[in-house]
Amino acid sequence: MNFIEEIIEKDIANGKNDSKVHTRFPPEPNGYLHIGHAKSICLNFGIAKKYGGLCNLRFDDTNPVKEDVEYVDSIKEDINWLGFQWAEEHYASDYFDQLYEWAERLITEGLAYVDDQSQEEISKGRGVPTQPGTESPFRNRSVEENLDLFRRMKNGEFPDGSKVLRAKTGMTSPNMHMRDPIMYRILHSEHHRTGNKWCIYPMYDYAHGQSDSIEGITHSICTLEFEVHRPLYDWFCEALRIHHPQQIEFARLNLSYTIMSKRKLLQLVKDHYVMGWDDPRMPTICGLRRRGYTPQSVRNFAETVGIAKRDNVIDVSLLEFCAREDLNKVATRTMAVLDPVKLVIDNFPDDKVEMLNAVNNPENPEAGTREVPFTKELWIERADFRENADKKFYRLTPGGEVRLKYAYIVKCVSVDKDENGEITAIHVTYDPETKSGMPASNRKVKATIHWVSVNYANIAEVRLFDRLFAVPAPDEVEEGKTFLDNLNPNSLTVQQAYIEKSLTLANVEKHYQFERLGYFCVDKDSTAEKLVFNKTVSLKQ
Ligand code: ATP
Ligand code: MG
């Protein structure tokens, strides 16, 4: 049980909120969700599920300039893909009328005022934490004047930046967020939902807690940077005498070799450093999906990481471990050769096609078996043969033996080379008595290698990925450099591969294990003529 669950269980035991649990996930629709959001989603939806409660999806759409419906749609798709259903779908912008009415109430009660100072003057007036700030010269306007000015702000009489509405919390708190914080700013900007109805927009601090309150949220879970905002969250709920949810903070997820700021991820997309938000190297949920991660593997990762009270950095290899662990259970096995060299079985009949039985998934008997054609000429990996090998090399060598998976033991008899000395074919003989599963087949060979029949192979494109960033902390940069300088120039390699013909029917996002090579999935760029595969992760770390 983590510390958040401890708080919740205590509240349930004490009958707080009638012992109900209602959480929310509150993304700002200004970008695609990433693995950090996945952590927050698993936490909020997971808690609601565990305690028989509800979790809302609320779009925190109070900044019209950066927000877009494209992001709203992608966020919903990603949450569903992760396997969660929200109880209610809300938008902070749906509460603009209510928030406005409450703002007038605070003005009437002498708890808010219109300030004509510039942004700079306001910041300067706040001063430094160790000394009280300076009060605004507009702080003591009458209620009537404030109401009149605020209504005229709403009616569009003033230009952007000319006035703000501030809460009267005082100018002495050592917490700078509590020095007469701004509640509303003027922004003559069209909103993706409310259109041109509003030209004043509430600030995060004035919108968030009240939105939680309106929805009857009981536990408002957020990341640590909001800890210093909590006194203000509480102040507004108290001043307005409305339902008061409890804000609880936890440490945000940070991953090595990864950037999680939406602004920076957007820059990677806009400036074409990646193929898009769903580039398989991106830490976005849609990127992980395209890369071949399963929803289960992402949920397992969130669970394994746990909930912390202090910021820390999780090794990205833990995420890869979670992918591997789940894919081992669900991925269909198949054979593919990424760096081919021809293997010719000299004593195998020229036109013979022997159908061999291959297991689709040893972890899941229900996945069944398939037939794989075995012929005289096969593709094998170039790295599985070595002409001058030492004793530690167990695969094919001149005069040596190896087992071909699901098939026979073969012995290398000669190699063909071109004028440059490059190997063009490896000749072997096979022993018909050594077929997999036959009694005589327990003859000892040190290695089993995979293969694909030359006559029955399709060509595919395979995309191999390395980390997008070359350094563990891409955000840490020397003076004059940016996170872009930490990009790994070799994060994408494209290869042609031979794959089993059975893969022609593969669906996009279907998961495969290319035997001995790693986990792969079918990319959306695939066509009927040519499949494209993304490497999700290697078989071992
Ligand atoms: P930005 O990158 O623009 O600062 P953000 O990460 O704060 O945005 P929001 O859309 O405001 O993104 O986040 C929605 C919710 O997801 C918030 O409750 C936020 O605390 C949580 N969240 C965001 N990033 C992480 C993270 N790395 N780990 C855990 N939770 C996160
Ligand atoms: Mg945010």
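Counting starts at 1 for both ligands and their atoms, following the listed order.
For W277, the ring pair (Phe, Tyr, Trp, His ring centres under 6.0 Å) partners two or more places apart in sequence, or in a different chain, are Y32. For Y184, the ring pair (Phe, Tyr, Trp, His ring centres under 6.0 Å) test picks out F150, Y206, with sequence neighbours left out.
Residue contacts with ligand 1 for R263 are absent, since no atom lies close enough (heavy atoms, distance under 4.0 Å).
In terms of polar-atom proximity, defined here as any N/O pair under 3.5 Å, T223 does make such a contact with ligand 1. Checked by distance only, ligand 1 and F226 stay at 3.5 Å or farther apart across all their nitrogen or oxygen atoms.
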Go through it in stages, so that I can follow the logic: the residues are Y71 and E28, the test is side chain to side chain donor-acceptor pair (under 3.5 Å), and I'd like the CA-CA distance, side-chain angles, deciding distance and then a yes or no.
CA-CA 9 Å; Y71 300 133; E28 185 180 352; over 6 Å; no
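Using cut-offs of 30° and 60° on the angle between ring planes, the pair F514 and Y512 is tilted. Aromatic ring orientation, F533 versus F520: perpendicular (interplanar angle above 60°, classes split at 30° and 60°).
Applying the 4.0 Å criterion to heavy atoms of E28 picks out, from ligand 1, the atoms 9 (P), 10 (O). In summary, the atoms of ligand 1 found under 4.0 Å from a heavy atom of S40, numbered by their order in the structure, are 16 (O), 21 (C), 30 (N).
Figure legend: K154 and Y100 shown as a cation-pi pair, the cationic atom lying under 6.0 angstrom from the six-membered ring centre and within 45 degrees of its axis.
At least one heavy atom of H34 sits less than 4.0 Å from an atom of ligand 1.
Selection from R252, R24, K39, H37 by nearest heavy atom to atom 13 (O) of ligand 1 gives H37.
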